[in-house]
Each structure stands twice: as structure tokens, then as C-alpha cells.
Amino acid sequence: MKLYFIPFACSLATRIAVIEAELDADFVQVTPDAVLADGRPFRTVSPMGYVPALETEAGVTLTEGAAVLSYIADLAAEGVLAPPLVSDERYRMTMWLNFVATELHKSVFAPLMGRAAGPEERAAAKARAARPFAVLEAHFTEGRPFLVDTFSVADAYLLAVLNWCEHAGVPIDEWQAVKAWRGAMRRRPSVAQAMAEEMPLLKAA
Ligand SMILES: N[C@@H](CCC(=O)N[C@@H](CS)C(=O)NCC(=O)O)C(=O)O
């Protein structure tokens, strides 16, 4: 399995998942020119040009973090990266994957991470943080260590996105339970290892 990534992008979640579940994967870094080592444009793998993207030797190609992470979760032993299939908790994990993708990643962080958005769009994106962060704050204030009952790929995705708060100017200090959860998650061995592996790549990029 090949996993296409950019250091400290949302694709960090796939590295956390692979480490957590002790799976085998070749991580392929997508460089800013988006041309792969064999000369193919990355868009031949991922039509939007986005990471994460997954390719298997059996010919499966997937994009969209929620789908890629669900696929990886199903490769792992049951209960390691996701609740059992067809359980209520499994649907809750899917709910959270979509929540992170739409309400946080694209709605709040995407306009704040690049340079394309002007001041008005940036201000609107920051304002949109209040509602989803309040939902997370309520969830973690109740003392829950994870988004669902056990660690899952949804936690990995949320952590990858929350890592961007400082760079994006999203004031995580306003949501202390979310900040504390991020700190605890960063101490989880799979997360610490994934971040340590990508940090030198980020610095070199
Ligand atoms: N809809 C995609 C979005 C993924 C996405 O935005 N990926 C970013 C990194 S976090 C990316 O690849 N950006 C590269 C680019 O915009 O060229 C998903 O949910 O996976």
C-alpha cells in the first residue's frame, strides 16, 4: 500500500493510523511541483491534487481522508482503529470523520492555511470556528478521551487538523478541554512517533 502525504498535512492521520495498527505502508511524499518520482503528475493518482491518497497493489485507489482512513481502519485488527462494523459507535466514527472534514478542515482551516484567501474570507473562516469548537469542547469537557468509545482514525484526523491552530491563528486557548485533549493525544506513542517522523520532512520542505 502506498500512502501519499505532505508533512504535517491532514495526511498525518494516515501515518498515525499505520503506526498505531502496526501496518505496512510506503509513504510517498508529494512535493510542491506535484510530480511523482516516476514523472507522473500527482493528479493522475488524486484528481484534486490532494493528499491523503492511497494506492494498493490490488489496484484500489482512494482519495478523501474519511475514505482513506476508513480503509486503513478496516485493514487493522478489529477495535484498533475503529469500532466494529455495523455498530452504533462505528457510525459515530463516520459522523466524526465527516465533522472534522467539513466543519473544521474545509470550513475553518483551509482558508486560513494558504495565502489565497483575503482578509474578509479569513475573518469569516475564524468566525466559523466557534460552533464546531464549542461542540468539541462540550464533548471533551465530559472527560471523554476519544471521539468515540475507543481510539479511532477520527481522533487521528482531528489531531492532524488541531495541529494547525497556531499557524492558522485559531485561538485554541479559548477551548481549554480541546487544548488539553490535543496535548494528551500528542503524548500517545503512535502520534508522537508520526509527528517525529514528519517534523524533519516539514523543516526540509
Ligand atoms: N477533500 C479532501 C481535502 C484534502 C486536502 O485539503 N488536502 C490538503 C492537505 S491538508 C492538500 O493536499 N493540499 C495540497 C494542495 O492544495 O495542493 C479530503 O477530505 O481529504
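These numbers come from the heavy atoms of this one structure, side chains and all, not from hydrogens, waters or symmetry mates. Both counts, for ligands and for their atoms, begin at 1 and track the order of listing.
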- Short side-chain to backbone donor-acceptor contact, His105 and Gly65, under 3.5 Å: no
Check each N or O atom of ligand 1 against all protein N or O atoms and list the pairs under 3.5 Å, with atom names and distances to 0.1 Å, one per line.
residue  : atom   : partner : partner atom : Å
ligand 1 : 1 (N)  : Glu64   : OE1          : 2.7
ligand 1 : 1 (N)  : Glu64   : OE2          : 3.2
ligand 1 : 6 (O)  : His105  : NE2          : 3.4
ligand 1 : 6 (O)  : Lys106  : NZ           : 3.0
ligand 1 : 7 (N)  : Val51   : O            : 2.9
ligand 1 : 12 (O) : Val51   : N            : 2.8
ligand 1 : 19 (O) : Glu64   : OE1          : 3.2
ligand 1 : 20 (O) : Gly65   : N            : 2.7

- Message: Would Lys179 and Phe133 count as a cation-pi pair here, with the cationic atom under 6.0 angstrom from the ring centre and within 45° of the axis?
- Response: no
- Rounded to the nearest 0.5 Å, how far does CG of Leu81 lie from CD of Glu20? 6.5 Å
- Mind checking whether Phe42 and Tyr4 have parallel, tilted or perpendicular rings, split at 30° and 60°? tilted
- Item | Selection residues 179-205 - residue pairs positive for ring pair (Phe, Tyr, Trp, His ring centres under 6.0 Å), sequence neighbours left out | Phe140-Trp181
- Task: Answer yes or no: is there an ion pair linking Asp155 with Arg182, defined by an N-O contact shorter than 4.0 Å?
- Result: no
